[in-house]
S.K.: 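Please read through the structure below; I'll follow up with questions.
Each ligand, and each atom within it, is numbered from 1 in the order the structure gives.
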Amino acid sequence: MVKLTREVAVAKFLFVTDLDNTLVGDDKALFELNHRLEQTRQEHGTKIVYATGRSPILYQELKDEKNLIEPDSLILAVGTEIYLDGTGAPDSEWSKKLSSGWNRDVVVSTTTQFSELIPQHDSEQRSFKVSFFLQEESAARVLPQLESELQKSGLDVKLIYSSGIDLDIVPLGSDKGQAVQFLGQKWKFVAEQTVVCGDSGNDIALFAVEAGRGIIVGNARPELLQWHNEHPANSRYLATNFCAGGILEGLQYFGFLE
Ligand code: GLC
Ligand code: MG
């Protein structure tokens, strides 16, 4: 482990982080982390990727508000959109991959029979993502029923429930983890050179990628902690500090930062 740590420290890595309550949430620690990330990007060619459930509009709002540094790529709408080239258009190869087995209209019409599902704002309804608010008290009852109704319609979809309130319905072949693998292959990073950071349910897919390094911030939500306890892995670090402070702690633990 010590040897691996030293080797990684001098090399570039693929840094992937969720935004809300992971990168963002402690302004002072974020300032320090931004500085360290800019430095390693410049010195080693580290790639910085934000992976968030937010749409382009809500991402831009947060970026402006918190002065986030420019990423090398963006994974938005919980992994259903990848932005690589700065044109403002999502990567078409990725979109094409998600199209098979997906029918947005059928997803929407299937959900109308569930009165517990409250549609999120229009900006958060995306080509490959249908999003609702669902109260935690109803989730355990509604989610299996909804899943079985969607299956009956013959769709290849996945339900992602986060923070005891957000429900995203997306194509089976998409989530933050699969989007990161797509980028890793494109940029030729192996799993051991990849580190992902998160705090809630929609980050579980990030941590599920085998052999990738993971940092769970100290303020993580119960659904992520429960998954972590049920799927223990040495390649995952549970930080004590919150948000960017936890990320700094984890990057040092793995030897990505000195
Ligand atoms: C962000 C998105 C929302 C989504 C949630 C969880 O808050 O704006 O649409 O449901 O992340 O992925
Ligand atoms: Mg989060």
S.K.: How wide is the angle at the Mg ion (ligand 2) between O in Asp20 and OD2 in Asp18, to the nearest 10°?
M.R.: 90°
S.K.: Is it the case that more than 12 heavy atoms not belonging to Gln42 sit under 6.0 Å from its CD atom?
M.R.: no
S.K.: Does some side-chain heavy atom of Leu62 sit less than 4.5 Å from a side-chain heavy atom of Val24?
M.R.: yes
S.K.: Indicate if the distance from the Mg ion (ligand 2) to the nearest N, O or S atom of Asp203 falls below 2.8 Å.
M.R.: no
S.K.: As an exercise, state the distance from CG of Asp18 to CG of Leu206, rounded to the nearest 0.5 Å.
M.R.: 7.5 Å
S.K.: Say you draw a straight line from CD1 of Ile75 to CG of Leu84; how long is it, rounded to the nearest 0.5 Å?
M.R.: 9.0 Å
S.K.: Please check if the side chain of Asp199 supplies one atom and the backbone of Asn219 the other of a donor-acceptor pair under 3.5 Å.
M.R.: no
S.K.: Which single N/O/S atom of Asp199 lies at minimum distance from the Mg ion (ligand 2)?
M.R.: OD1
S.K.: Which N/O atoms of ligand 1 sit under 3.5 Å from a protein N/O, and at what distances?
M.R.:
from     : atom 1 : to     : atom 2 : distance (Å)
ligand 1 : 8 (O)  : Glu124 : OE1    : 2.6
ligand 1 : 9 (O)  : Gln120 : OE1    : 2.5
ligand 1 : 9 (O)  : Lys129 : NZ     : 2.7
ligand 1 : 10 (O) : Gln120 : NE2    : 3.0
ligand 1 : 10 (O) : Asp168 : OD1    : 2.6
ligand 1 : 10 (O) : Asp168 : OD2    : 3.4
ligand 1 : 12 (O) : Asp168 : OD2    : 2.6
ligand 1 : 12 (O) : Asn202 : ND2    : 2.6

S.K.: Quick one: which of Gln39, Glu38, Glu43 gives a side-chain hydrogen bond (donor to acceptor under 3.5 Å, both in side chains) with Arg41?
M.R.: Glu38
S.K.: Please check if the side chain of Arg54 supplies one atom and the backbone of Val78 the other of a donor-acceptor pair under 3.5 Å.
M.R.: no
